[in-house]
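One structure coming up, written as structure tokens, with questions to follow.
Only heavy atoms go into these numbers, but all of them, side chains included; no hydrogens, no water, no symmetry mates.
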Amino acid sequence: LSITAQENNRRFSVELRPGASMATVKLGDAKLKPGMGIEGTLQYNFWNSASVYAGWGWNKFASDESFAGSNIDFEETGYVMGLRYAYQLPQSPLGLFVRAGAIYNHIEAEDGGDIIADSGHGWGWQTEAGVDISLGKGWMLRPGLKYQSFNRDLTVGTATRNVDLNYLSLGVGVARSF
């Protein structure tokens, strides 16, 4: 966190991070279009600039053609948790951060809003790097680049596919420490 937050003994923060996502591999045989998502987290600063975080995230990708049919949307939702380390640049409102953690998510295939398949929850991982920009009075702006990796079996009808949902997400979080 920023020096201001540490001086005020602000141990907790909440963050809301919308972002644009780009798949790095096909989902089964589906070429995914650029997507979007949002993540909300609660963070606890337990030592100097080291923190733990936990929250919930959602990402949506569309595809023209896939093993599940034409014009199918794939949504990934679930939980995030991990460790975060921040380094405050001397005499600056800017800092750098990295975070790494686990996800416990699932993938839904949707046709016109109707769920046609659900992978069930499973474990994956994420890592992120970015910049902390102190806006004063406990407010922070946090642009960052995240990589997320998730693998599950997805059954549509009688066909089961092992699918990887790996993507980069460029987002800007707004955080408030208290």
task: Using side chain to side chain contact (heavy atoms under 4.5 Å, CB included) as the criterion, list what pairs up with Pro34, not counting sequence neighbours.
output: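 Once residues adjacent in sequence are excluded, the partners of Pro34 under the side chain to side chain contact (heavy atoms under 4.5 Å, CB included) criterion are Met22.
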- request: Apply side chain to side chain contact (heavy atoms under 4.5 Å, CB included) to Ala100 and list each qualifying residue two or more places apart in sequence or on a separate chain.
  value: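 Applying side chain to side chain contact (heavy atoms under 4.5 Å, CB included) to Ala100 gives Thr127.
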Salt bridge (charged side-chain N to carboxylate O under 4.0 Å, His left out) contacts touching residues 104-123 (sequence neighbours left out): none
message: Let me check something: do Val98 and Val172 share a hydrophobic cluster, defined by ILVMFWY side-chain heavy atoms less than 4.5 Å apart, either directly or through other members?
response: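 Yes: a chain of side-chain contacts under 4.5 Å links Val98 to Val172.
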query: Would Trp123 end up clustered with Ile107 when hydrophobic side chains under 4.5 Å apart are linked, directly or stepwise?
result: no
field: Atom pair CG/OH of Asn45 and Tyr85 - distance to nearest 0.5 Å
entry: 10.5 Å
query: Nearest heavy-atom pair of Ala62 and Asp73: which atoms, and what distance?
result: CB-OD1, 3.3 Å
statement: Scanning both residues in full, the closest heavy-atom pair of Ile72 with Ala109 reads CG2-CB, 4.1 Å
query: Is there side-chain contact between Leu27 and Ser66, with heavy atoms separated by less than 4.5 Å?
result: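 Contact flag for Leu27/Ser66 side chains = no.
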- prompt: Sequence neighbours excluded, which residues qualify as side chain to side chain contact (heavy atoms under 4.5 Å, CB included) partners of Leu170?
  reply: Leu145
statement: Residue pairs meeting side-chain hydrogen bond (donor to acceptor under 3.5 Å, both in side chains), one or both in residues 150-163, sequence neighbours left out, come to Asn151-Asn162, Asn151-Asp164, Asp153-Asn162, Thr155-Thr160
task: Please report the shortest heavy-atom distance between Ser49 and Ala86, naming the atom on each side.
output: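 Of all heavy-atom pairs spanning Ser49 and Ala86, the closest is CB-O, 2.7 Å.
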Partners meeting side-chain hydrogen bond (donor to acceptor under 3.5 Å, both in side chains) with Lys33 (sequence neighbours left out): Asp64
message: If you define the side chain from C-beta out and look only at heavy atoms, does anything of Gln148 sit under 4.5 Å from Tyr167?
response: yes
message: Enumerate the salt bridge (charged side-chain N to carboxylate O under 4.0 Å, His left out) contacts for residues 166-178, please, sequence neighbours excluded, ordered by first and then second residue.
response: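 Residue pairs with at least one partner in residues 166-178: there are none.
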- prompt: Going by the side-chain hydrogen bond (donor to acceptor under 3.5 Å, both in side chains) test, which pairs reach into residues 94-105, not counting sequence neighbours?
  reply: Glu39-Arg99, Glu76-Asn105, Arg99-Gln126, Arg99-Glu128
- prompt: Would you say Val174 and Leu16 make side-chain contact, with heavy atoms under 4.5 Å?
  reply: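 Not touching, per the 4.5 Å side-chain cut-off.
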- request: Using a 4.5 Å cut-off on heavy atoms from C-beta on, say whether the side chain of Glu15 contacts that of Ser177.
  value: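 Side chain of Ser177 against side chain of Glu15, heavy atoms only: no contact under 4.5 Å found.
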query: Can you name the side-chain hydrogen bond (donor to acceptor under 3.5 Å, both in side chains) partners of His121, sequence neighbours left out?
result: none
query: Ile115 and Phe61: same hydrophobic cluster, using ILVMFWY side-chain contacts below 4.5 Å?
result: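 No, it is not one cluster - the side chains of Ile115 and Phe61 are not joined through contacts under 4.5 Å.
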field: Pairs involving residues 25-53, ordered by first then second residue, that meet ring-ring contact (aromatic ring centres under 6.0 Å, His included) (sequence neighbours left out)
entry: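 Passing the test, one end in residues 25-53: Phe12-Tyr44.
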- request: Please name the pair of heavy atoms, one in Ala68 and one in Ile116, separated by the smallest distance, quoted to 0.1 Å.
  value: O-CD1, 3.8 Å
- request: Tell me, with the steps shown, if Ser63 and Phe74 meet side chain to side chain contact (heavy atoms under 4.5 Å, CB included).
  value: CA-CA 8 Å; Ser63 68; Phe74 293 94; 3.6 Å; yes
query: What residue pairs, at least two apart or across chains, pass ring-ring contact (aromatic ring centres under 6.0 Å, His included) with a residue in residues 129-159?
result: Trp125-Tyr147
message: Test side chain to side chain contact (heavy atoms under 4.5 Å, CB included) on Val163 and Phe67; report intermediate values, then the result.
response: CA-CA 11 Å; Val163 295; Phe67 62 92; 3.9 Å; yes
- prompt: Taking side chain as C-beta onward, heavy atoms only, is Val131 less than 4.5 Å from Leu96?
  reply: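 Val131 reaches Leu96 side chain to side chain.
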statement: Note: Ala117 and Val156 closest approach over all heavy atoms is CB-CG2, 3.7 Å
- request: In sequence, state the C-alpha distance, the side-chain angles, and the governing distance for Thr24 and Asn166, and then conclude on side-chain hydrogen bond (donor to acceptor under 3.5 Å, both in side chains).
  value: CA-CA 6 Å; Thr24 59; Asn166 301 335; 4.8 Å; no
message: Between Phe97 and Val14, is there shared hydrophobic-cluster membership here, with clusters defined by ILVMFWY side-chain heavy atoms closer than 4.5 Å?
response: no
task: Would you indicate whether the side-chain heavy atoms of Tyr79 and Ile103 approach each other to under 4.5 Å?
output: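 Contact flag for Ile103/Tyr79 side chains = no.
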- prompt: At their closest point, which heavy atom of Met140 faces which heavy atom of Ser134, and how far apart are they?
  reply: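 Reported closest heavy-atom pair: SD-CA, 3.6 Å.
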message: Please say yes or no: joined through hydrophobic side-chain contacts below 4.5 Å, possibly via intermediate residues, are Leu165 and Val25 part of one cluster?
response: no
field: By side chain to side chain contact (heavy atoms under 4.5 Å, CB included) - contacts of Trp58 (at least two apart)
entry: Met36, Ile38, Trp56, Lys60, Glu75, Thr77
message: For the NE2 atom of His106 and the OG atom of Ser119, what is their distance to the nearest 0.5 Å?
response: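 So the NE2 of His106 and the OG of Ser119 are separated by 7.0 Å.
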